[in-house]
Student: 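Pasting a structure below so you can have a look.
The chain is numbered in sequence order, starting from 1.
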Amino acid sequence: ARASGSDLAREISEYARRVYVSDPDCPSLEERDGMPFEFGRNVLRVPRTEFVDAKSAIHFGGGCAVSPADVDVVVLCSGYDYSFPFVD
């Protein structure tokens, strides 16, 4: 996940039961035996979000899906990266 998603996940995780960070660089769940990558006590890194179906389930790459009962809010991050060009 990029800086914006990671920063928000860290902040939100203090209050949320579970936080899913959808990251295009995350290995597919098939490569990980169906298990998402955990970082933090309640933050799961999952592959890129592919679509939200008619019943509001969120589908990620590799066949993983999250039911709408497990999701209260979806936050889209446009992204930013840290840059300190004045420090060599």
Side-chain angles (χ1 to χ4, degrees):
R2 305 298 183 262
S4 62
S6 296
D7 286 349
L8 279 172
R10 185 179 58 249
E11 296 293 326
I12 293 169
S13 70
E14 295 294 320
Y15 306 97
R17 184 176 66 232
R18 178 160 294 145
V19 177
Y20 298 93
V21 178
S22 177
D23 182 358
D25 295 329
C26 182
S28 78
L29 297 180
E30 293 154 346
E31 295 172 31
R32 301 186 47 81
D33 295 325
M35 299 301 296
F37 177 76
E38 291 189 39
F39 64 102
R41 63 180 172 81
N42 60 344
V43 180
L44 301 174
R45 184 174 162 220
V46 294
R48 178 186 297 271
T49 303
E50 292 187 345
F51 64 96
V52 178
D53 68 22
K55 295 183 180 180
S56 300
I58 301 170
H59 296 262
F60 304 102
C64 174
V66 177
S67 79
D70 292 335
V71 177
D72 292 323
V73 176
V74 174
V75 178
L76 302 176
C77 301
S78 60
Y80 60 80
D81 289 316
Y82 293 111
S83 176
F84 303 100
F86 51 86
V87 176
D88 287 335

Student: Identify the heavy atoms of L44 and R18 that sit nearest to each other, and give their distance.
Tutor: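 Heavy atoms only, the tightest pair is CD1-CD, 3.3 Å.
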
Student: Can you tell me how far apart CD1 (I58) and OH (Y20) are? Round to the nearest 0.5 Å.
Tutor: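 With rounding to 0.5 Å, CD1 (I58) is 9.0 Å from OH (Y20).
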
Student: Between S22 and P47, what is the shortest heavy-atom contact and its length?
Tutor: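 Where S22 meets P47 most closely, the heavy atoms are OG-O, 3.0 Å.
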
Student: For a quick test of reading the model, state the closest non-hydrogen atom pair linking D7 to R10 and the distance between them.
Tutor: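 Looks like OD1-NH2, 3.2 Å.
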
Student: Hydrophobic clustering (ILVMFWY, side-chain heavy atoms < 4.5 Å, transitive) - are V73 and V19 grouped together?
Tutor: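 Looking at the clustering, V73 is in the same group as V19.
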
Student: If I compare all heavy atoms of P68 with all of K55, which pair ends up nearest, and what's the gap?
Tutor: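 Where P68 meets K55 most closely, the heavy atoms are CG-O, 3.2 Å.
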
Student: Once side-chain hydrogen bond (donor to acceptor under 3.5 Å, both in side chains) is applied, do any residues pair with R48, and if so which ones, sequence neighbours excluded?
Tutor: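 Listed in chain order: nothing, the list is empty.
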
Student: Who are the ring-ring contact (aromatic ring centres under 6.0 Å, His included) partners of F51, not counting sequence neighbours?
Tutor: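 Checked F51 against ring-ring contact (aromatic ring centres under 6.0 Å, His included); matches are H59.
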
Student: For S13, enumerate each residue passing the side-chain hydrogen bond (donor to acceptor under 3.5 Å, both in side chains) test, keeping only those at least two apart in sequence or located in another chain.
Tutor: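 Partners of S13 by the side-chain hydrogen bond (donor to acceptor under 3.5 Å, both in side chains) criterion come out as none, since no residue qualifies.
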
Student: How close do N42 and A16 get, counting heavy atoms only, and between which atoms?
Tutor: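 Distance-wise, the nearest heavy atoms are ND2-O, 2.7 Å.
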
Student: Is there a side-chain contact between V66 and F60 (heavy atoms, below 4.5 Å)?
Tutor: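 Yes, at least one pair of side-chain atoms sits under 4.5 Å.
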
